[in-house]
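None of these values were measured; they are calculated from a predicted model. If you read the sequence from its start, that first residue is 1, and numbering goes on from there.
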Amino acid sequence: MIVALVKDRNQEIMRRILFRMGRKDFMIFTVDEDFYCYVKSNCRDVDYALVDVLCFQMDLFNPYIEFSFQDHYFPIVVFNDPFPDKDTRAAYWISKNKFYSSRACKDGGVDLFRYEFLALEQILNDPVINCHVPAISFCSDCNENGLEDNQVDLEDTRKKMGIPPSRFCVMKYLFERKGRKISGDDICIDLWNESSQKRRQVLYTYVYHLRKAFESHPEFGFSIEHVGKGCYQLNVKQKNAST
């Protein structure tokens, strides 16, 4: 099991991160007392912990030291730490386990979950989830009011193409990430908080009908391409300024 301590506003973000890592056995806490009480009582059930640095003062409290005295040691990943560089942040967090406790090496310790930690590092370096977890950007190439403008234009386009609201959520999601390769699993997790076979089949059906709608309305320049196995990319052909 994974346990996480986050700020209240980041619960949904953390849930998405854990789903992307393929984890369904997790508990997310927003009250530090509840978190520490649960961990101390159930330490043998914990694989590792994720702790938001914003939930404590590092100069007054160190979770690595606190948990190193548990009967059952488990790795800890502190995120939102502003000190390390973005590309080494996860490695920095993980190495602290070995620094504060020699038991981190016992029975595999940190190395037992090295592949999950690599996945975590990749997820947190994703442009959609910026270097600090709370900083979610669903349209990184927009100006300050660009997202709202895009929503208005996209809604008008949806009506003209006759796309129902149920499929529009996929169209909008891909449009906000246009030109980028997005896996079907990520789409399902972000839109429906799960990536079951049933959800992937629904996504496949929605994409099929969206492609048909785009082909019927070439004047808008929309297209969805299959890029690699189980991945999609929405492209928008730029209109010629002289026309």
Side-chain angles (χ1 to χ4, degrees), residues 1-70 72-97 100-101 104 110 112-138 140 173 185-195:
M1 175 182 290
I2 299 175
V3 291
L5 175 63
V6 302
K7 302 296 284 185
D8 185 64
R9 65 180 181 273
N10 295 330
Q11 287 188 77
E12 183 59 31
I13 297 170
M14 178 53 63
R15 188 173 289 107
R16 290 183 180 183
I17 289 173
L18 293 171
F19 271 122
R20 286 194 181 189
M21 292 175 65
R23 280 285 195 163
K24 295 183 179 179
D25 54 336
F26 59 81
M27 294 191 67
I28 299 175
F29 297 87
T30 58
V31 179
D32 55 356
E33 292 182 358
D34 294 343
F35 172 78
Y36 293 117
C37 181
Y38 178 86
V39 167
K40 290 178 180 179
S41 301
N42 302 274
C43 62
R44 292 191 176 277
D45 298 326
V46 177
D47 290 332
Y48 58 88
L50 301 172
V51 182
D52 188 340
V53 75
L54 301 177
C55 294
F56 64 91
Q57 290 183 271
M58 198 69 168
D59 55 338
L60 300 178
F61 177 81
N62 188 319
Y64 294 98
I65 295 177
E66 174 72 14
F67 292 139
S68 67
F69 296 105
Q70 297 289 333
H72 173 72
Y73 181 82
F74 52 83
I76 303 159
V77 176
V78 173
F79 60 90
N80 275 346
D81 190 332
F83 172 71
D85 294 330
K86 177 180 176 181
D87 60 350
T88 60
R89 183 166 282 133
Y92 172 84
W93 299 329
I94 296 163
S95 66
K96 277 182 170 286
N97 288 281
Y100 284 108
S101 177
V110 175
L112 186 65
F113 301 101
R114 62 186 181 277
Y115 294 115
E116 287 196 37
F117 291 145
L118 285 173
L120 174 65
E121 186 169 28
Q122 292 176 351
I123 291 169
L124 293 177
N125 285 339
D126 188 302
V128 179
I129 303 178
N130 293 329
C131 57
H132 288 102
V133 177
I136 295 295
S137 173
F138 290 107
S140 58
Y173 180 95
D185 285 337
D186 285 351
I187 297 172
C188 291
I189 289 169
D190 286 344
L191 292 181
W192 301 300
N193 284 333
E194 63 171 304
S195 184

Please name the pair of heavy atoms, one in [X] and one in [Y], separated by the smallest distance, quoted to 0.1 Å.
X: Pro75; Y: Asp47; value: CD-O, 3.2 Å
X: Val3; Y: Val46; value: CG2-CG1, 3.8 Å
X: Val51; Y: Ile76; value: CG2-CG2, 4.0 Å
X: Cys188; Y: Ser195; value: CB-CA, 4.0 Å

From [X] atom [atom1] to [Y] atom [atom2], the distance as rounded to the nearest 0.5 Å:
X: Asp25; Y: Asp45; atom1: CG; atom2: CG; result: 10.5 Å
X: Ile17; Y: Ile28; atom1: CD1; atom2: CD1; result: 9.0 Å
X: Ile2; Y: Tyr48; atom1: CD1; atom2: OH; result: 3.0 Å
X: Asp52; Y: Met14; atom1: CG; atom2: CE; result: 7.5 Å
X: Asp186; Y: Arg16; atom1: CG; atom2: CZ; result: 11.0 Å

Subject >> Residue pair Phe35 / Met27, side-chain heavy-atom distance below 4.5 Å >> reply: no
Original post:
Should Asn42 and Met1 count as side-chain neighbours, where that means a heavy-atom distance under 4.5 Å?
Top reply: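 Counting from C-beta outward, Asn42 and Met1 never come under 4.5 Å.
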Subject >> Lys40: salt bridge (charged side-chain N to carboxylate O under 4.0 Å, His left out) partners, not counting sequence neighbours >> reply: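 So Lys40 forms a salt bridge (charged side-chain N to carboxylate O under 4.0 Å, His left out) with Glu66.
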Original post:
Parallel under 30°, tilted from 30 to 60°, perpendicular over 60°: which one fits the rings of Phe29 and Tyr38?
Top reply: tilted
**OP:** Assess whether side chain to side chain contact (heavy atoms under 4.5 Å, CB included) is satisfied between Leu50 and Leu18, documenting all intermediate values.
**Re:** CA-CA 10 Å; Leu50 301 172; Leu18 293 171; 3.8 Å; yes
